[in-house]
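Structure record follows, encoded as structure tokens.
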Amino acid sequence: MSPRPETAANTSARVRFAPSPTGHLHVGGARTALFNWLYARHHGGAFILRIEDTDRSRSTEENIHSIVEALTWLGLDWDEGPPTPGYRQTERMELYHEHALRLVTMGRAYYCDCSAETLDAERKAAQARVETFRYSGRCRERGLIAGALRLRIPDEGATVVNDLIHGPVTFEHRQLDDWILVRTDGTPTYNFCVVVDDVTMRITHVIRGNDHLSNTPKQILCYEALGYAVPEFAHVSMILGADRSRLSKRHGATSVQAFRDAGILPEAMANYLARLGWSHGDQEMFSRGELIELFDIKDVASSGAIFDLVKLEWLSQEYMKRSAGARLAELVRPFLAGAGLPVPADMPWLARVMETLRERGKTLVEIVEVGRFYFARPSAYEPKAAQKFFTREGTARLAALIERLETVPEFTPSALEKLYRELTATLGLKLVDLAQLTRLAVTGTTASPPIFEVLALLGRDETLARLRAARAHVEAA
RNA sequence: GGCCCCAUCGUCUAGAGGCCCAGGACACGGCCCUCUCAAGGCUGAAACACGGGUUCGAAUCCCGUUGGGGCCA
């Protein structure tokens, strides 16, 4: 019963990600998808997307679209799946019924018409004896031809799940019961659909959340009853909230799109998710290629991990610092629009702007906040700073600056710095005095990228306009 | 309640019996750099849940306890 040997080139590996479209893509699901995708890409196998939409009341088209969008944003592409038909459970009903019938024919499943009351009584009795509830098997030999279809489970022995992450996990058959494959109303159950889907899609490795580990022995018994080879299993731990319970809405944002909308870079999100439960020595950042090359399901940790937004944001900033201005310029556009700011048409200019901003925020949303002044004139001046700098001497200094800036031949950072240093010396001041005065006039605040770069990017006309506006503002006061 | 999983700094983790009086990263404190804010550099504090074994030697193996989580109900 040792796991089959893994080789680097396991091109026949077929893995799948099978979300239920009952909401947006959760970060836990995204990590499961990522691990599957990495497994497939590492081994040169196939990554399949399957939509588990049997819960018709909660599954929607919008959710399918949203999941597809989130996976795409993360850069996870699938080799088989939507929009190709046949990858949604609702399209596969005949398959479930075919397989159910086969199990009946082979004598591995039987119909049961026990009432809810009968079952309840059994359940209560089991609890009274301090035991796992297990269906009595009353209908096993009755030869019914209708009712709920149950899988006949052996009374003796045990099933071992040879988990790639946890190692062998043994489940005694006496803890398992003849579970329901198809309900009385004809609808197949979740566990049965999964088995039939994984069998018919020829899945070789089932990588999924730890919450399914308890279902696995039941599924293995179903594979065996059907006469199919059992795939390998790997159960990935859950992502937890700060209180160590399963991450949910009450812990804050949980959907992938929420982080996208918060301006997290997609590569940061993927890197973060990969590092949550997986590691490679002391390395924190991995390129996509490194991830594919280094990822090994056996290195995935078996314990749960708390989702840490602060570290995700740190990674996002690290990726921004390393991103080319041109790429950030593309990425930031929707965020500018979202903040109600004009979206510049001059992309090379925007790219240079982004180069001055990229290490000053953790997300694109923060970048827009700190760089707002590039796109709109200040609507107000920071009061404390205004009190300090917008004084009588302040206006005189502004006037001196305006006069010189009007005539400086080159409006470049180095020329501007030279001008400022000379004027500083002439007036017997420190550079910080003029720099902060200018910063306040031009940005409305006392914090910004290096002031000479800011002025150069704003250009002579805009700089002068803002300086004059500041002077007018002081004089009016 | 039954079954199953898990347990190293606040958090993510390295560690597969001696290399560890436990390493890295985030966050936090200090110093330096500096036109501001960042970024950067240096630096500090911070963990093997507990109790038994096994072994010359255990964070690492075994058992139990406690705690957390999941599945079923």
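Residue numbers begin at 1 in each chain, while the letters A, B, ... track the order of the sequences. Since the model is a prediction, treat every value here as computed from it, not as a measurement.
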Given that both distances must come in under 3.5 Å, which nucleotide forms a Watson-Crick or G-U wobble pair with B:U36? none
Would you measure the distance from the C1' atom in B:A73 across to the matching atom in B:C28 and give it in whole Å? 45 Å
Say you pick atom C1' in B:U13 and the same atom in B:U66; how far apart are they, in whole Å? 24 Å
note: A:Glu313, atom CD; B:A27, atom C1'; distance rounded to Å ~ 12 Å
Integer angstrom distance from the P of B:A16 to that of B:C21: 14 Å
Per the atom types in the model, does the base of B:C37 pair as donor or acceptor with the side chain of A:Arg439 at under 3.5 Å? no
With respect to the phosphate group of B:A14, does any side-chain polar atom (N or O) of A:Ser279 fall under 4.0 Å of OP1 or OP2? yes
Does A:Asp433 reach the side chain of A:Leu427, with side-chain heavy atoms less than 4.5 Å apart? no
More than 12 heavy atoms from other groups under 6.0 Å of NZ on A:Lys430: no
Short side-chain N/O contact to B:A39 OP1/OP2 from A:Arg322, under 4.0 Å: no
Under a 3.5 Å limit for both distances, which nucleotide forms a Watson-Crick or G-U wobble pair with B:C3, could you say? B:G70
Taking B:C26, B:C35, B:A39 as options, the one with an atom nearest any side-chain atom of A:Gln436 is B:C35
Does A:Arg421 put a side-chain nitrogen or oxygen below 4.0 Å from OP1 or OP2 of B:C35? yes
In whole angstroms, the gap separating C1' of B:C26 from NZ of A:Lys321 amounts to 12 Å
With heavy atoms under 4.0 Å as the rule, sort A:Pro217 into base, sugar-phosphate or nothing. nothing
Inter-nucleotide P distance (B:A22, B:A27), Å rounded: 24 Å
N/O donor-acceptor pair, side chain A:Glu284 with base B:G24, under 3.5 angstrom: yes
Watson-Crick or G-U wobble mate for B:A22, both contacts under 3.5 Å: none
Counting only side-chain heavy atoms from C-beta out, which of B:C6, B:G70, B:A38 sits nearest to A:His166? B:C6
For A:Lys362 and A:Ser302, take the nucleotide of RNA chain B holding the closest heavy atom to each; which residue's nucleotide lies nearer the 5' end? A:Ser302
Ring-face cation contact, A:Tyr110 with A:Arg152, 6.0 Å cut, 45° max: no
What's the closest nucleotide to the side chain of A:Arg246 if the choices are B:C5, B:C12, B:G69? B:G69
When both distances are under 3.5 Å in a Watson-Crick or G-U wobble arrangement, the nucleotide paired with B:A16 is none
So which one's nearest nucleotide on RNA chain B is more toward 5', A:Glu318 or A:Ile451? A:Ile451
Ignoring hydrogens and angles, answer whether the base of B:A25 and the side-chain atoms of A:Lys311 contain a donor-acceptor pair closer than 3.5 Å. yes
Separation of atom CD1 in A:Ile165 from atom P in B:G69, rounded to whole Å: 21 Å
Separation between the P atoms of B:G10 and B:A46, rounded to whole Å: 11 Å
Does A:Arg244 place a side-chain N or O at less than 4.0 Å from the phosphate oxygens OP1/OP2 of B:C12? yes
Taking the same atom, C1', in B:U65 and in B:C56, what whole-Å distance lies between them? 29 Å
Can any side-chain N or O of A:Arg377 pair as donor or acceptor with the backbone N or O of A:Glu462 at less than 3.5 Å? no
On the ring face of A:Trp37, is A:Arg288 found with NZ or CZ under 6.0 Å from the centre and within 45° of the axis? yes
Over all strands shown, is A:Ser448 touching base, sugar-phosphate only, or nothing at heavy-atom distances under 4.0 angstrom? base
Salt bridge between A:Asp178 and A:Arg108, side-chain N to carboxylate O under 4.0 Å? no
Base, sugar-phosphate, or nothing: which does A:Ser245 touch, judged by heavy atoms less than 4.0 Å apart? sugar-phosphate
May I have the distance from A:Met320 (atom CE) to B:A38 (atom C1'), rounded to whole angstrom? 12 Å
Nearest whole angstrom, please: distance from the C1' of B:U13 to the CZ of A:Arg275. 5 Å
Is there a donor and acceptor pair closer than 3.5 Å between the side chain of A:Asp282 and the base of B:G23? yes
Please measure how far the P atom in B:A47 lies from the corresponding atom in B:C35, and state the result in whole Å. 40 Å
Side chain of A:Leu276 only, heavy atoms from C-beta on: which candidate in B:C12, B:C35, B:C26 is closest? B:C12
Integer angstrom distance from the C1' of B:U34 to that of B:C9: 33 Å
Output the single nucleotide from B:C26, B:C35, B:G70 whose closest atom is nearest the side chain of A:Ser214. B:G70
Measure CH2/A:Trp179 against P/B:C3 and give the value in whole Å, please. 22 Å
Would you say the side-chain atoms of A:Asn271 pair up with the backbone N or O of A:Glu284, donor to acceptor, closer than 3.5 Å? yes
Both distances under 3.5 Å, Watson-Crick or G-U wobble: report the partner of B:A58, or none. none
Considering only NZ, NE, NH1 and NH2 on the basic side and carboxylate oxygens on the acidic side, decide whether A:Glu410 and A:Lys418 come within less than 4.0 Å. no
Atom-to-atom span, OH of A:Tyr190 to P of B:C71 - whole angstrom: 11 Å
Report the base-pairing partner of B:C42 (Watson-Crick or G-U wobble, both distances below 3.5 angstrom), or none. B:G30
Under 4.0 angstrom, heavy atoms only, what part of the nucleic acid is A:Gly277 near: base, sugar-phosphate, or nothing? sugar-phosphate
Donor-acceptor pair between A:Thr445 and A:Thr443 side chains, under 3.5 angstrom: yes
Can you tell me the base-pairing partner of B:C50? Count Watson-Crick or G-U wobble geometry only, both distances below 3.5 Å, and say none if there is no partner. B:G64
Figure out the CG/P separation between A:Asp308 and B:U11, and round it to whole Å. 10 Å
